[in-house]
Each structure stands twice: as structure tokens, then as C-alpha cells.
Q: 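Supplied in C-alpha cells, the structure appears directly below.
Remember, predicted model here, so these are calculated numbers, not experimental data. By convention in this document, chain letters (A, B, ...) are assigned in the order of the sequence lines, proteins followed by strands, and residues within each chain are numbered from 1.
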Amino acid sequence: MGTKKLDRRAFLTRSGLIGCSLATSPLFAPITFASADDSVLGDNRLVVIILRGGMDGIDVVQPFGDPDFAGLRQIKGADPVGAEKGPIDLDGFFALHPALGDLMPLWRAGQLGFGHAVSTPYRDKRSHFDGQDLLEAGTVALAGASGRDGWLNRMLQEIPSIRAETAYSIGREDILLLRGQAEVANWSPNAQLNLSEQARRLTELMMAGDPLFADATAEALRLAEGGDDSMASGMGDMGGSGGMMMDMRQSMETARKNSGYRKIAEFAAEKLRDDTRVAAFSINGWDTHARQTRPLGKALKTLSETILQLQAGLGPIWGKTTVVAVTEFGRTARLNGTKGTDHGTGGAMILAGGALRGGRVVGRWPGLAEADLYQRRDLMPTRDVRANLAWIMRGLFGLPVGVLEKTVFPGLDMGTDPRLIL
Amino acid sequence: MAFDPIVAEIRFGCGLSPSVSAPVSVSQKLSLLTGPDHIAVQFPIPAFAEFHPWMVEKHELFQVRRKNRGTETAAKARKDIKLLQKHVRREQMKWLGMAMLRRTYTGDGLRERLAFFWADHFTAVGKNGLLRRATSPYVEEAIRPHLTGKFADMLVATVTQPLMLHYLDQQQSVGPNSDKAMRRRGKAGLNENLARELLELHTLGVDGPYDQQDVRQLAELLTGLTYHPRNGFTFRKDMAEPGAETVLGRAYGGAKQAQLGDVIAALHDIARHPSTAANIAQKLATHFVSDTPDAGLVADLTAVFRESEGDLLAVYRVLLEHPKAWNPAGGNVKQPVDFIGSSMRALAIEPAKIPLRDEREMRNQFVTPMVLMGQPWERPGGPDGWPEDDADWVTPQRIAARIEWAMTMPTVLRPDLPDPRDFVEVALGGAAPEVVRFAAASAETRADGIGLVLASPAFQRM
């Protein structure tokens, strides 16, 4: 690759910064990045999973060694730590939620770890939506509705040689985490777009006048071409509505089969085996206000299967990979009146991968006595989750501390290095 | 800019139709809106009260099964439960078809758009069992009859609906000092989910002047609101927290036994709070006009909301009469439901062509495409509902799904497709950009020509 034109329109129009006077705007000028060589970002891989809804860190990585834990959380009849279906002792103080039991081989191999008592700088209002925006923006405070970008995109902006497929935002959502000026591929394993040559040309022509549509369509046409052949059903070639009907039916049923987290993990692994270095997607279902044993168990199973699918799909590349799962906030230290937990503050982050120095729970434990809790209700955060993320990016991609503290996570003090990457 | 019947049908209606005439003035639009709900009669969806008997039936079948474990009777009850679940699931598919047919044939498109807006504002989704199918009946009962009334009435209607109480975990929330908590010796207690979302999403907005203490106090005040599959909504005094609660500086309840009236009084106060006015004004202007609406428009909507104490009809009148609401083309991107609905309207799809009774075809033609477009029917990701930001809808994977649907589904729904050169005028009201006319005329097939018109940015914006 020689040079890569990165058009700022993609970002600016998507963030709604500019409207009709686009053509005359000085911001319209395309930026050209020089491409260094093939080893974009080096050889390491980073997968970021956003856990939407507020994962209950205290239930996932249970501080059973804390004298106040039992009083806050004990559910009558629950299996004790070490019992066959109970939480699994990790280090004598913390125990793992049994729904993540399938990950124990990774823990023993040093390929699974946790950060505990972490949080973003978000405090007090405990809104999912603002909390998620702040987690993905990576800033100290929320910016206005427009002009926001995500920290993972700002990290990519620091790499002079990124290419169209260096980073992938996967799934149906457009996640803020990867939004921004750096070019990022957005695709979903069940997306498809098959047009005749003529229809394709006319589509492009028609979209050209509307930058938002033009950019998205151009990328869709490009990514659909590189897609899985089994998904290309050759639509439009068959005459009559009967043929169209069969095509449509087959294509929709294929699309339905290709939904779900397993497919997302497979798709991510496929891309990461190739030129992609960074992938991000989200897993929902963590907002466990009532009888949380079942919904939390279900969400954790999904996460566990996703991580194992990534490991299987990546093969030898797993050794160069770090998976980070983060959430907008933790939940109340105490169970509420309906055996669930309400929105809280401090929580946990989950780390996995062959590049990880795992097998440990990282962080300073603040204690669960009432006076030690944040506002006498939530786990007190003792570390900014962004500091751990920054050290991981430094370990994987060699980014300078100054860039991480000023640009990627403005206003962050990275503190001491938890040495999370091998 | 001022009222224009074509822009009005696109921006404040369900799109242009070759067979239904458009209202010609703001007053005609509003008089239709306050008149009889003809389209709901033509394409019926049951209210929650009509849905509820299925819940009773299922509850009774569960009882039969439990009391007759291991017998033929239990086996039959189990089978009947399965059949009932399947039946209601198919009904939900049918109601999706009805919703699309309402959009296709209504002469009062603003009503459909407002029903969708408010259903989204008061998002409620069933998390298990038959309630997973209950969103349309909830909207039919709690939203649709209140579209032109006071905001407070709609707020009270939604908060007392079983689906909302279930979705935001209110039905199990118990006052920590209530009789029930005493009976259960601390094994039942508070859940603050509904209280928080009510302040953050439904009324004041996240930047509103409330704190954790208000959330907690409101959660205590809301205790007692519950439902049971057998009886529907009830206010249970034994679950309600005794004593007064102070929300936003005002005390509710107190000496006497807890009563529903205290909850309703608080909801009325919160509904007419200035922050609620500003929050609703911003949301309406964003949804109908632009992701970045004119500040003067928002200010005027806020003012009328405050002065009229949340009279929604007065708010809509200011919106429709406001010059900043009519800025020409290039408005918001249609959400998938608007995109599919307006496509069907422009094509005048015959009701008989919608496979209302064929679950599989409904999935292929509507449900799965909407999932791919990012808007799975009645399953938003959270209580904040669907995003408004155009950029959320126009991503490569989502735009691919829109183009695919536009190119393939019209033929399935209407094998005798119109001539694309005529269709471009119908769909875009004689104001089509030249490039769309050119594309429609140059396509290789009719299906491609129709698909191109529907996929055009001119059609996908409103």
C-alpha cells in the first residue's frame, strides 16, 4: 500500500457536525496518511467488548474473603464457594461466578484475569446511557451530542499507517467506541448486499449527493464483496416474483442463522487472523435489577462462549491477543429487595487472551464495610478503568504514555503499571 | 417556510400515497388527529385488556399442571400452554402487519407517527412469557387514547400498566417498612429501576434537577404499584412504604395509609415540571424535525408545554405552525419502521398481500429485515428506546439491509410493480431530484427501478 486517503467527511457527517454547506467547508479536505509498511500496529490484537447494562462486578468476581461480603450478598440456599455448582475459588479471596466456569482452564494458564474496584470517572446520576457514552468516549465528562468520538478511534488516529480493515466495529449497532476520524470498518456477519452491476452504479450515483448515505453505501458495497460466499445468494438474477421470493426467503433465513454472538466472535476471529488488529462489539443483558441469578448467569454464559469462540477461531493468533470486557458501572453492594442489584459505581473488568499476564485479580480492594462504600451503597472505585486500558494499549501497541494520557484518555493519570501484557 | 401538504405527509405523516389524499392545512391535520380513530377500527390491534385473558388462561393452565403433576391432565395442560404461546406469538406477527397497514392506508398519518413516538418515549418490553408479545396491546391501551390529552394522563396510564411494571421491575418492589416486608422479615424490599427511569427518561431528563435521594424516595413512593396475571394492575397497600416521601422537595402521603392518589399526585407534579417541558420539547423537535433542532423551536415548544401544563394538542399545534419545523428536504433519516411503512404506502400494497397468518413469511418479509436494519420489532435495546441520531441508522451494515429490502421485497408484496418512472413521482411528490428520476428510468428491471427510488436518500429522509 502506498498512501491511504482518509476522508474526514465520514466522521464529520456521521457526527452531524456539518450540514448543507459541506462543499465549502474547510474541513471537507481529505487527509492523506502515509502507509509505513505491512506491520500496521505491529502484530498484537485487541478485542474490546462493551458489556451494556452495568455488570455486577461483585457477583462476577466475588470477594468471599471480605468479612462483609456474606452479609450483603448471601442468598439462602446458594451453593458455597468450592461446591460443585458454586463459585470457584480463584485466589483464596476472590471466587469466580460459576457461569464463567468454562474459562477456568484459561485462568490456570494465566490467560484470564480481572481488574476489580474499577470505574470510569462517571459518578452519581447512574444513567446507563450517559455511563456508556462516557465509557466509550473515554473522557472525564460528557461532550455535547455532536462531535464525540471514541477512545479506541483516537488510539487509531495515532497510528500513521492504518488501513481500511485495521479496525472492525462488529454487529448491528454503531458503537461510539470506534467512531471518529480514523477509518474503521463497520460490518455485521449477517449483513449482505448483492446488486447487479447496473443497479450498483445507479445506487452509487444516486447516493453521491448525500455524504452520509454515500459513505455508508460505498463501505457496504466494498465489505459485502469480501463477504462469505455462502451468504451471497445471487439476488436479482432470477426472473419473476416466484424466484425473487425463494431468493428472499433463503437469504433472510441465512441472515437469521448468522445472527448471535457466536457468529460475531467467529467473524471477529476471521478478520483478526488476517489484517485486522482491533475489533469491538457489545454484549447486552447486564442490567440485573431483579432475581439476578438467572439473567446474570445467562449473560456470563454468552461472554464465556464468546471468549472461547474467539480463542478457537484465532488459533495461534490467540497468543498475540488480548480481550477486554468493560461495562458502564458496577451495581449496588447490597442486594436490593428483589434479589437483584440497582445501578452502582465501582465494578470489575474482565481480561483474557494469550498475550495477557493473567491468573490474577488486579486492583486495590476497598472493602465492603458500610463506611468503605461509595455513598454507603456502591463498591468504592480505587482505580480508573481507563488506566488499565491505557496500560494494555501501551503493552500491545507501544503507544507513549503522553499520548495515552493526553489524547486517547484526556486528563488520565495512568499511575503505576499493572503489567497486564506479557 | 410554512405548511406544505407534501412535506407534511412526509415529515409529519407516513409518507405519500397514490390512493389516500393528504390533509391540506394544519387545522385539518389536527382535527383528524382529534377525530375518530378510523384506521384502528379498520386494522384492529387489541388493547391490553383484551390481551389479559390470555395471561389468565396461561396462569390457570400452570395451576392445573402444578396440581396434577405426572398425570394426563398435566400433560394436556403443558400442551395447551405451548399452543397458547404459539397462538399469541402469531398474533404479535399479525399486529406488526396491522401496524404497517395502518401506515399504508391512514388519512391521519400524524396519529401513527405520534403513537410510535410516545410508545418509544415510554418504552416497555416483556422480558418473559406471554408479556413478550404485549407491547402492541400496551401501546393501544396506554398511549394511543392519550395522544392529544395531557402529558400527565399518559404518564399515569403507562406507569399503571402491567407491562411497564414488569419491564422496569416495579411489580416486585416492596416498601422496606411495609406490612409485606415485615411479614417476610426483610426478604422483600425496594427496587429502584422504574423510579430512576421515570425521572431520567420519561419526565425530567438526565440533566434534570434530581439526585439519588429523589430516586430512592420516588422508589419508596411507587411501592404498592403491582399486577398479578389473575387480576391485572392493582395498588397493594401491604406492599407500600408507610409515611411520607419527599420527591423534588415536595412531600407525598403521610399520616394516613398509603394510597394510589399520592402516587398520582406526584406524577402530576413531575409531569408539569419545567425540566419535563424542556425534555419533551427537545425530544419532539429532534424526532420530527432534525437531530439538531432550532433552539427557538425547542424554546417555543417548551413554553407552550409549560403554559398549557402539558396539553399535547397545544404543543403539536405550535410544532406544526412553527416556520422552523418546515425547513425543506434533507430532514431526519427515516427509522426502519418509517422506511418500510412509507415504502408500502407509496406502493399501496393490498392488505391481502400481507401474510398476516404466516409467521414464517412475516419473519422473512418484515421481522428479519428490520433486525438487519437495526430495529427489531418491539425489541429496543433498553428503556431509552430507539436512537434519534441519523448516523446510528446509516451504517454500512444497516444501509445494506435497507437497499436489499428495497430491491427485493416490493416484488414479493406487489408482483404487478408500477413503472419506476411513474413511481418516482408518486413516492417523492413531484419533487424528485433529477438523479433519482434518471436512476429509476435507467434501471435494468422494474424491481431495480422501484428499489432505487426507495433506496434514494431523497426517499429515506423525511
Q: Among all residues two or more places apart in sequence or in another chain, which pass the side chain to side chain donor-acceptor pair (under 3.5 Å) test with B:Lys187?
A: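 Residues passing side chain to side chain donor-acceptor pair (under 3.5 Å) with B:Lys187: none at all.
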Q: Do B:Gln375 and B:Gln335 meet the criterion of a side-chain donor-acceptor pair at a distance under 3.5 Å?
A: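 A donor-acceptor contact under 3.5 Å links the two side chains.
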Q: Look at B:Arg446, B:Arg196, B:Glu200 and state which one has the largest set of heavy-atom pairs under 4.5 Å with chain A.
A: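 Result: the option with the highest number of such pairs is B:Arg196.
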Q: I'd like to check the side chain to side chain donor-acceptor pair (under 3.5 Å) partners of B:Asn128; sequence neighbours left out, ordered by chain and number.
A: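 Listed in chain order: nothing, the list is empty.
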Q: Heavy-atom distances under 4.5 Å only: say whether B:Val206 touches chain A with side chain, backbone, both or neither.
A: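 Both backbone and side chain.
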Q: Set out, in order, the CA-CA distance, both residues' side-chain angles and the distance that settles salt bridge (Lys or Arg N to Asp or Glu O under 4.0 Å) for B:Glu192 and B:Arg216, then state yes or no.
A: CA-CA 7 Å; B:Glu192 58 185 46; B:Arg216 192 84 190 163; 3.4 Å; yes
Q: So for B:Leu190, is it side chain, backbone, both, or neither that comes closer than 4.5 Å to the heavy atoms of chain A?
A: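 Interface part for B:Leu190: backbone (N, CA, C, O).
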Q: Contact part of B:Pro369 toward chain A, heavy-atom cut-off under 4.5 Å: side chain, backbone, both or neither?
A: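 For B:Pro369, the contact with chain A is made by backbone and side chain together.
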Q: With a distance cut-off below 6.0 Å to the six-membered ring centre and an angular limit of 45° from the axis, does B:Arg402 pair with A:Phe213 as a cation-pi contact?
A: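 So B:Arg402 doesn't make the cation-pi contact.
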Q: Chain A heavy atoms under 4.5 Å from B:Val367: which part of the residue, side chain, backbone, both or neither?
A: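 For B:Val367, there is no contact with chain A at all, as no heavy atom is under 4.5 Å.
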Q: Select one option (side chain, backbone, both, neither) describing which atoms of B:Leu417 are under 4.5 Å from chain A's heavy atoms.
A: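 The answer is neither part of B:Leu417.
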Q: Determine the option with the most heavy-atom pairs under 4.5 angstrom with chain B, choosing from A:Leu205, A:Thr332, A:Leu335, A:Asn284.
A: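 That would be A:Leu205.
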Q: Please check if atom NZ in A:Lys125 has more than 12 non-hydrogen atoms from other residues, nucleotides or ligands closer than 6.0 Å.
A: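 Yes - once you tally the heavy atoms of other residues, nucleotides and ligands closer than 6.0 Å, there are more than 12.
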Q: If you take all heavy atoms of A:Glu328 and A:Gln132, which pair is closest and at what distance?
A: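 Answer, listing the atom of A:Glu328 first, then A:Gln132: OE2-NE2, 3.0 Å.
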Q: Contact part of B:Arg363 toward chain A, heavy-atom cut-off under 4.5 Å: side chain, backbone, both or neither?
A: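 Side chain of B:Arg363 only, per the 4.5 Å heavy-atom cut-off to chain A.
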Q: Side chain from CB out, backbone as N, CA, C, O: work out which of these in A:Arg377 comes under 4.5 Å of a heavy atom of chain B, or both, or neither.
A: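 Contact with chain B involves the side chain of A:Arg377 alone.
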Q: Less than 4.5 Å to any heavy atom of chain A: does that hold for the side chain of B:Asn193, its backbone, both, or neither?
A: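 Both parts, heavy atoms under 4.5 Å.
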Q: Would you mind telling me which of A:Gln198, A:His289, A:His128, A:Arg291 has the largest number of heavy-atom pairs within less than 4.5 Å of chain B?
A: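 Most heavy-atom pairs within the cutoff with chain B belong to A:His289.
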Q: Out of B:Ala455, B:Ser173, B:Ala458, return the one with the most heavy atom pairs under 4.5 angstrom to chain A.
A: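 Most pairs with chain A among the choices: B:Ala455.
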Q: Quick check on B:Glu444 against chain A: is it the side chain, the backbone, both or neither that has a heavy atom closer than 4.5 Å?
A: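 For B:Glu444, heavy atoms of backbone and side chain both lie under 4.5 Å from chain A.
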Q: If you count heavy-atom pairs within less than 4.5 Å of chain A, which of B:Pro176, B:Gly374, B:Gly382, B:Ala188 leads?
A: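 The residue among B:Pro176, B:Gly374, B:Gly382, B:Ala188 with the greatest pair count is B:Ala188.
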Q: Compare every heavy atom of A:Met207 with every heavy atom of B:Ile403, then report the nearest pair and how far apart it is.
A: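 Distance-wise, the nearest heavy atoms are CD1-CE, 4.1 Å.
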Q: Most heavy-atom pairs under 4.5 angstrom with chain A, which of B:Val333, B:Ile399, B:Val215?
A: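 Most heavy-atom pairs under 4.5 Å with chain A: B:Ile399.
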